[in-house]
Amino acid sequence: MILKRIAQLAGARTLFNGSFSALARPPPNYEGHIPLNPPERAILAIGNLIATLGETTATPYFIYRLRDVMLSSPTGRRILRDRPRITSKTLDMDQLRKLPDGTVGREYAAWLDKEGVSPDTRSQVRYIDDPECAYVMQRYRECHDFYHALTGLPVIVEGEIALKAFEFANTLIPMTGLSMFAAVRLKRGEQKRILTTYFPWAVRNGLLSKEVINIYWEEELETSVEALRERIGLEKPPDLRKIRKEERARKKAEIAARETLGPS
Amino acid sequence: MNSLRYLRQGSAAVFIPLSSKFPVGPQLLLRKRYYATVTNADLYDVVVVGGGPAGLSLATSLRSSSVTAGLRVALVEGLDLAHARNWKSEPETYSNRVSSLTPGSVGFLTDIGAWKHVQRDRVQAYHGMQVWDGVSGSRIEFNWNSSASETIAYMTENSNLVHGLLSRISELGGVEIIDKTRVESISFGEDNGELDLRTWPVVEITGGRKLVARLLVGADGANSPVRTFAGIESRGWDYERHGVVATVKLEEGSRVGVEKTAYQRFLPTGPVALLPLPGDFATLVWSTTPQVAAKLKTLAPDEFSAMVNAAFRLSHVDIDYIKGLSEGIAGEVQWRERVSQFDYTRVPARVVGVQDKSVASFPLKMRHADSYIAERIALVGDAAHTVHPLAGQGLNQGIGDIQSLIETLEAAVQHGQDIGNSSLLPFVTPNISNIFSLANQGSILSLEPYYSAQYFKNDLMLGVVDKLHKLYSTTSAPVVALRSLGLSVVNTMGGLKSLIMKQAAGRR
């Protein structure tokens with residue numbers, strides 16, 4: 001009650017959005033929208049639904065910030081005006097596969113094929129009240145696979161964490177930051193690599209490069225990844241696959257060496 | 001003999017108005033000696049420099065008060081007042097120089113008989129006020145009880161007010177208005193042995209004529225030459241903001257049956273306000289950076305209207321972006337209005353047109369003179385203080401000065417004091433004190449009450465307005481949260497709000 005009162009007084013709709021009972025839920029603001037009150041928001045955030053967690057934690061402040069980032073850029077504004085969706089209908093995957101090596105479209109298609117997913121596997125945003133901000137969240141989600149193409153980070157847990165760290169520094173969406181705690185599940189060697197190599201890279205590039213949310217991917221499909229990286233000021237992270245391969249080779253060699261030495 | 005000499009040198013001067021209307025015997029007797037070397041025409045009780053609203057209000061009130069009506073008054077103005085005197089209003093056309101007059105100020109103007117000369121059908125009273133934070137959207141609403149429907153302020157064109165004051169002055173007669181005339185220099189008079197005018201300011205005007213003032217009033221604006229002559233420092237700072245003004249036309253009949261309301265939104269670059277004029281017209285005051293002000297002045301009318309609509313409806317991020325556009329402003333605003341969330345019942349009606357040549361701008365400053373008084377000198381209005389326009393208090397402060405100064409002068413005249421005296425120390429006027437001083441022991445401090453009544457009141461207003469400007473010029477999240485909480489708390493407290501309203505309305 002007191003919290004609700006403070007929320008009302010603060011009038012900061014960006015911080016405390018709406019107060020109503022579950023029995024009198026207001027009508028949706030856009031297709032698929034489910035209005036939430038703060039307790040529901042908290043419960044859903046705690047309940048371990050990853051997408052939901054992303055939406056509910058982004059709502060106070062962060063999604064508005066990301067929307068404002070887009071509103072401050074000509075391209076970002078164009079995206080908000082057009083509200084393009086990335087689906088298998090809007091993107092011709094066959095066409096993308098035919099693009100030259102090293103182009104954004106080709107790399108993106110390659111990622112999806114390798115993972116065996118399609119652009120349609122991204123879930124629908126439901127719990128953000130402002131239709132425009134809901135679109136921003138949707139856009140962020142749908143663009144995630146393009147970030148893999150842009151950075152070259154592989155879709156293994158280690159690569160995913162490194163990419164999330166970059167996204168967090170770049171978008172400040174809390175969910176991406178929370179994902180980094182997944183690092184505790186990594187092996188010790190992987191943890192060390194994340195902490196000493198990839199986190200510093202993610203923080204530096206996430207903060208210094210231009211905001212990736214403002215890339216109009218649909219217009220960059222034929223651009224070379226190299227050129228795009230250069231344009232937004234992003235340095236290529238160390239090749240994770242290569243490092244892992246070398247590491248494995250080194251370990252194998254060690255084991256082999258130990259075995260040849262035998263029980264001395 | 002000894003004691004008489006003491007009185008002659010140590011007592012207060014007796015005040016004798018110079019006007020022949022003053023029916024006092026000794027004065028006539030005195031005059032022969034008094035004007036032995038200075039011609040009658042040169043001596044004035046009050047010389048007002050500046051023929052703006054403040055200077056004219058002072059001249060009017062001096063003449064309309066039965067106590068001070070006997071004073072000999074001259075007013076010097078550099079511009080030609082014929083234009084203001086013959087002001088012919090055009091219907092559906094409003095000047096971009098409009099002031100918000102509080103009921104207190106209007107009460108004073110009524111008392112001095114000037115308000116009845118102001119064209120009332122061109123004055124717009126408003127009863128409600130919406131003020132909100134351009135970052136968080138938190139809001140404070142002021143509405144007098146709709147049943148009582150009391151007025152918060154009256155939007156009045158300066159030209160209408162000046163015309164009214166000039167009409168009242170010519171009705172009263174007796175003020176020597178010297179317009180189209182500049183003040184060339186100000187100096188002190190001399191002691192010619194018979195008449196010691198060493199403390200009397202002498203105003204030399206174009207053409208070489210000299211006006212000798214018992215009291216010189218500087219109503220001569222922010223760069224007051226009178227203040228400079230008095231050696232009074234004016235301190236403060238420039239806001240690095242310009243106030244863009246314009247007369248705009250609102251969507252026709254958009255607010256039928258709705259009481260006239262003033263709107264003000266605090267954007268990080270400065271507040272933007274839309275204040276009602278009669279009919280579907282309104283006056284805009286938009287404080288913003290000099291660059292944006294320059295840009296706004298170059299916009300085509302439909303783009304200008306779109307920018308004003310954006311200023312009250314869109315997020316500050318949007319406004320920042322759109323004002324940088326070189327084309328397509330109207331289309332951009334249209335799109336953003338469609339997708340932005342705002343309560344259309346709590347923003348002003350849409351601006352659909354801007355009056356030709358009404359867009360102008362001026363730099364915003366905060367200044368306060370160290371003092372309002374010096375020996376035989378008083379400063380009023382902008383000569384004494386310049387305030388940020390966000391509270392609409394500039395002219396009201398000036399009228400407050402006049403009101404206080406006239407009360408001070410009335411008291412001085414009634415007590416036989418010399419009206420020009422600002423000093424705590426007794427002083428001697430030319431050779432006459434020995435005759436009249438006996439009754440005036442101790443009544444010396446004639447201008448001091450004006451200073452003490454107005455200075456701290458104005459200083460408080462300047463300070464509060466300055467802090468408001470600073471508080472709202474940041475987008476820092478914790479500051480925004482705190483100020484929003486504060487504003488909303490005040491908004492829920494009816495008692496405090498009506499106290500603020502009373503204060504702002506200058507009720508007497």
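Predicted model only: the values in this text are computed from it and were never measured. Numbers restart at 1 for each chain; the letters A, B, ... are given by sequence-line order, proteins then strands.
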- Message: Is it true that, when you exclude A/Lys89 itself, more than 12 heavy atoms of the residues, nucleotides or ligands shown sit nearer than 6.0 Å to its NZ?
- Response: no

- Message: Within the supplied structure, the quantity of interest is the number of heavy atoms (other residues, nucleotides, ligands) at a distance under 6.0 Å from A/Glu219 CD; does it exceed 12?
- Response: yes

- Query: What part of A/Arg83 lies closer than 4.5 angstrom to a heavy atom of chain B: side chain, backbone, both or neither?
  - Reply: side chain

- Query: So does A/Gln124 have more than 12 non-hydrogen atoms from other groups sitting under 6.0 Å from CD?
  - Reply: yes

- Message: I need the residue from B/Arg483, B/His316, B/Arg336 with the largest number of non-hydrogen atom pairs under 4.5 Å to chain A.
- Response: B/Arg336

- Task: Would you give the length of the straight line joining atom CG of A/Asp130 to atom OG of B/Ser340, rounded to the nearest 0.5 angstrom?
- Result: 8.5 Å

- Item | Stepwise side chain to side chain contact (heavy atoms under 4.5 Å, CB included) test for B/Ile322 and A/Arg77 | CA-CA 11 Å; B/Ile322 295 171; A/Arg77 290 181 80 88; 3.7 Å; yes

- Message: Other residues, nucleotides and ligands only: do more than 12 of their heavy atoms fall within 6.0 Å of CD on B/Glu141?
- Response: yes

- With a 4.5 Å limit on heavy-atom distance, are the side chains of A/Pro74 and B/Tyr321 in contact? yes

- Note on the structure: Interface check, chain A: of B/Asp318, B/Asp320, B/Leu482, most non-hydrogen pairs under 4.5 Å belong to B/Asp318

- Query: Hey, is CD on A/Glu218 packed in by over 12 heavy atoms from elsewhere, all under 6.0 Å?
  - Reply: yes

- Item | Heavy-atom pair with the smallest gap, counting every atom of A/Arg81 and B/Gly331 | NH2-O, 3.6 Å

- Query: So how far is it from A/Asp68 CG to B/Thr475 OG1, rounded to the nearest 0.5 Å?
  - Reply: 10.0 Å

- Message: So, taking the atom named CD in B/Gln341 and the one named CG in A/Asn29, what distance separates them when rounded to the nearest 0.5 Å?
- Response: 6.5 Å

- Message: Does atom CD (A/Glu235) have a neighbourhood of more than 12 heavy atoms from anything else shown, all under 6.0 Å?
- Response: yes

